[in-house]
Amino acid sequence: MASNQQTRPDIGEVAKDLASGRIGVVMGEVGGRVQLRPMRGGIEWEAMPDDVVAPKAREELSARLDVRNSNSRSGL
């Protein structure tokens, strides 16, 4: 594979849905669509495979910090 081509994140990895701008964790693929779950947990959403990419380091860090802050406020 050429070095300029991106690969889609695997199950369990953080990914960005370009169509919605949301960041979540890849849960699987069903019916040709990728299933993502919000990093805080919750209901999964589906995305087209071509719209699912690895987030930029800054985006992933921001999403992880958001979860951490939310957990801190909840006392977890």
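Summarising the geometry of W45 relative to S20, their closest heavy-atom pair is NE1-OG, 4.1 Å, with the distance given to 0.1 Å. Nearest heavy atoms, L36 versus A15: CD2-CB, 3.9 Å. Nearest approach of P49 to V34, heavy atoms of both residues: CA-CG2, 3.9 Å.
Between atom CZ of residue R68 and atom CG of residue L61 there is a gap of 11.5 Å, rounded to the nearest 0.5 Å.
Cluster partners of L65, using a side-chain heavy-atom cutoff of under 4.5 Å among ILVMFWY residues and allowing indirect links: none. Taking a 4.5 Å side-chain heavy-atom cut-off between Ile, Leu, Val, Met, Phe, Trp and Tyr, the cluster of M39 extends to V14, I23, V25, M27, V67.
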Taking distance alone, no hydrogens or angles, what donor-acceptor pairs closer than 3.5 Å link side-chain atoms of residues 50-59 to residues at least two apart or in another chain?
unit_1: E59; atom_1: OE1; unit_2: K56; atom_2: N; d: 2.8
unit_1: E59; atom_1: OE2; unit_2: K16; atom_2: NZ; d: 2.5

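Between the side chain of R37 and the main chain of G24, no donor-acceptor pair closer than 3.5 Å is present.
The salt bridge (Lys or Arg N to Asp or Glu O under 4.0 Å) test applied to E29 returns R8, not counting sequence neighbours. R40 is linked by a salt bridge (Lys or Arg N to Asp or Glu O under 4.0 Å) to D66, counting only residues two or more places apart in sequence or in another chain. Residues that satisfy the salt bridge (Lys or Arg N to Asp or Glu O under 4.0 Å) test with R22, not counting sequence neighbours, are absent from this structure.
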